[in-house]
Amino acid sequence: NRNIFDELFVLELANNHLGNLDRGMKIISDFAKVARYNNVRAAIKLQFRDVDNFIHKDFRHRSDIRYIKKTMDTKLTREDFAMMTEHVRKSGFLRMATPFDERSVDLCVDLDCEIIKIASSDINDWVLIEKIAKTKKPVIASTGGSSLKDMDDLVTFFSNRNIPLALNHCVSLYPTEDNELELNQIDFLRNRYPD
């Protein structure tokens with residue numbers, strides 16, 4: 001199961017579906033053409049949020065707060081996600097999702113996602129991390145903004161549970177200029193966490 005990460009490309013769908021199932025399905029189909037043409041092994045990563053509980057009810061209708069508006073505008077139903085993840089599978093990709101809350105971890109399991117991703121913003125959310133670990137599924141965790149202790153704790157946690165873990169170097173700057181990429185950190189992480 002640790003080999004699940006070998007030569008794996010992660011294609012980010014996230015919320016680029018813009019809350020439109022047809023758009024999401026087209027993106028998956030377009031990714032499939034590119035992956036087949038280049039003969040790459042890939043996962044398509046979605047983002048799951050229990051929007052009705054993720055955003056406080058008093059803020060759901062606020063259009064002046066960018067992230068709330070974006071989250072509300074990109075909301076899909078469980079059935080929509082089920083159709084997209086099935087299309088991902090039929091297109092020859094691994095199913096992968098970033099759950100931003102505990103209920104979304106259950107959705108990852110229900111939709112048979114092969115890999116669960118931990119967002120860099122959740123690297124210290126131990127309630128969420130423990131729920132993810134209980135699935136026993138392979139995990140990729142982003143490191144943007146995390147300290148060395150955060151990463152050490154996470155690696156130890158998953159290692160002690162014999163759950164495959166990969167670290168994803170990122171700098172959490174969107175967009176990122178080339179001089180801000182800090183790609184030397186990939187070698188640092190590889191040397192610090194050889195497994």
Side-chain angles (χ1 to χ4, degrees), residues 1-16 31 40-50 53-55 66-67 70-71 74 85 88 93-109 111-195:
N1 214 7
R2 292 191 187 285
N3 295 335
I4 194 166
F5 305 125
D6 288 350
E7 298 185 17
L8 179 68
F9 283 79
V10 176
L11 305 173
E12 182 76 38
L13 179 56
N15 290 320
N16 292 316
F31 276 157
V40 297
R41 185 172 164 271
I44 292 185
K45 189 185 81 60
L46 297 141
Q47 291 182 353
F48 295 160
R49 288 178 183 84
D50 177 19
N53 292 304
F54 190 75
I55 297 176
R66 178 177 153 219
Y67 294 107
K70 178 182 172 189
T71 300
T74 58
T85 54
V88 167
F93 295 108
L94 294 173
R95 292 159 290 189
M96 181 174 166
T98 303
F100 285 90
D101 51 75
E102 293 80 34
R103 188 172 285 167
S104 295
V105 175
D106 294 333
L107 183 59
C108 289
V109 173
L111 299 180
D112 205 22
C113 293
E114 289 91 354
I115 302 171
I116 297 179
K117 166 92 170 17
I118 297 174
S120 55
S121 60
D122 290 326
I123 202 159
N124 287 320
D125 185 342
W126 287 99
V127 172
L128 181 63
I129 293 168
E130 288 194 21
K131 175 94 175 186
I132 290 169
K134 287 179 183 172
T135 71
K136 300 291 188 190
K137 292 181 177 285
V139 173
I140 296 176
S142 285
T143 61
S146 61
S147 69
L148 212 48
K149 181 182 182 325
D150 292 337
M151 289 185 277
D152 287 347
D153 290 348
L154 197 70
V155 169
T156 299
F157 177 84
F158 283 101
S159 178
N160 286 344
R161 286 157 183 77
N162 199 30
I163 297 171
L165 173 71
L167 295 178
N168 176 51
H169 165 68
C170 70
V171 292
S172 296
L173 297 169
Y174 309 100
T176 308
E177 299 297 325
D178 287 351
N179 66 339
E180 298 170 322
L181 291 173
E182 299 184 29
L183 294 178
N184 61 322
Q185 293 302 301
I186 295 171
D187 288 335
F188 171 79
L189 292 171
R190 185 179 293 134
N191 291 332
R192 186 171 183 92
Y193 311 111
D195 295 328

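Of all heavy-atom pairs between Arg41 and Asn3, the closest is NH2-O, 4.1 Å. Contact record, Thr71 with Arg49: CG2-CD, 3.9 Å, taken as the closest heavy-atom pair. The nearest pair of heavy atoms linking Gln47 to Asn15 is OE1-ND2, 3.0 Å. Shortest non-hydrogen contact noted between Leu154 and Ile118 is CD1-CD1, 4.5 Å. Minimum heavy-atom separation, Ile163 to Ala133: CD1-O, 3.3 Å. What you find for Leu111 and Arg95 is that their closest heavy atoms are O-NH1, 3.7 Å.
The side-chain heavy atoms of Pro99 and Ile116, taken from C-beta on, include a pair separated by under 4.5 Å. No side-chain heavy atom of Arg103 sits under 4.5 Å from any side-chain heavy atom of Phe48. Within the 4.5 Å cutoff, no side-chain heavy atoms of Tyr193 are placed close to those of Ser159.
Using a 4.0 Å cut-off between a side-chain N of Lys or Arg and a carboxylate O of Asp or Glu, Asp122 and Lys117 do not qualify as a salt bridge.
Environment of CZ in Phe9: sparse, with no more than 12 heavy atoms of neighbouring residues, nucleotides or ligands closer than 6.0 Å. Around CG of Asn179, the count of heavy atoms belonging to other residues, nucleotides or ligands within 6.0 Å exceeds 12.
If you take CE on Met151 and NZ on Lys149, they are separated by 12.0 Å, rounding to the nearest 0.5 Å. One distance of note links CD1 of Ile115 with CZ of Phe5; it measures 5.5 Å at 0.5 Å rounding. In this structure, CG in Leu167 is found 10.0 Å from CZ in Phe158, a value given to the nearest 0.5 Å. With rounding to the nearest 0.5 Å, the separation of OG in Ser104 from CG in Leu128 is 8.5 Å. Distance check, rounded to the nearest 0.5 Å: CG of Leu13 to CZ of Phe31 gives 6.5 Å. Atom NZ of Lys134 sits about 13.0 Å away from atom CD1 of Ile129, to the nearest 0.5 Å.
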Checking Asp153 against Thr156 for the side chain to side chain donor-acceptor pair (under 3.5 Å) test, could you report, in this order, the C-alpha distance in whole Å, the side-chain angles of both residues, the deciding distance, and whether it holds? CA-CA 5 Å; Asp153 290 348; Thr156 299; 5.8 Å; no
Show the numbers, then the answer: is there a side chain to side chain contact (heavy atoms under 4.5 Å, CB included) between Leu148 and Arg192? CA-CA 10 Å; Leu148 212 48; Arg192 186 171 183 92; 3.7 Å; yes
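Considering only residues two or more places apart in sequence or on other chains, Ala43 meets the side-chain contact (heavy atoms from CB on, under 4.5 Å) condition with Leu8, Leu94, Met96. Taking Ser120 as the reference, Ser142, Cys170, Ser172 meet the side-chain contact (heavy atoms from CB on, under 4.5 Å) condition, with sequence neighbours excluded.
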Name every donor-acceptor pair, under 3.5 Å, that has one atom in a side chain of residues 180-190 and the other anywhere in the protein, sequence neighbours excluded.
unit_1, atom_1, unit_2, atom_2, d
Glu180, OE1, Glu177, N, 3.0
Asp187, OD1, Arg190, NH1, 3.2

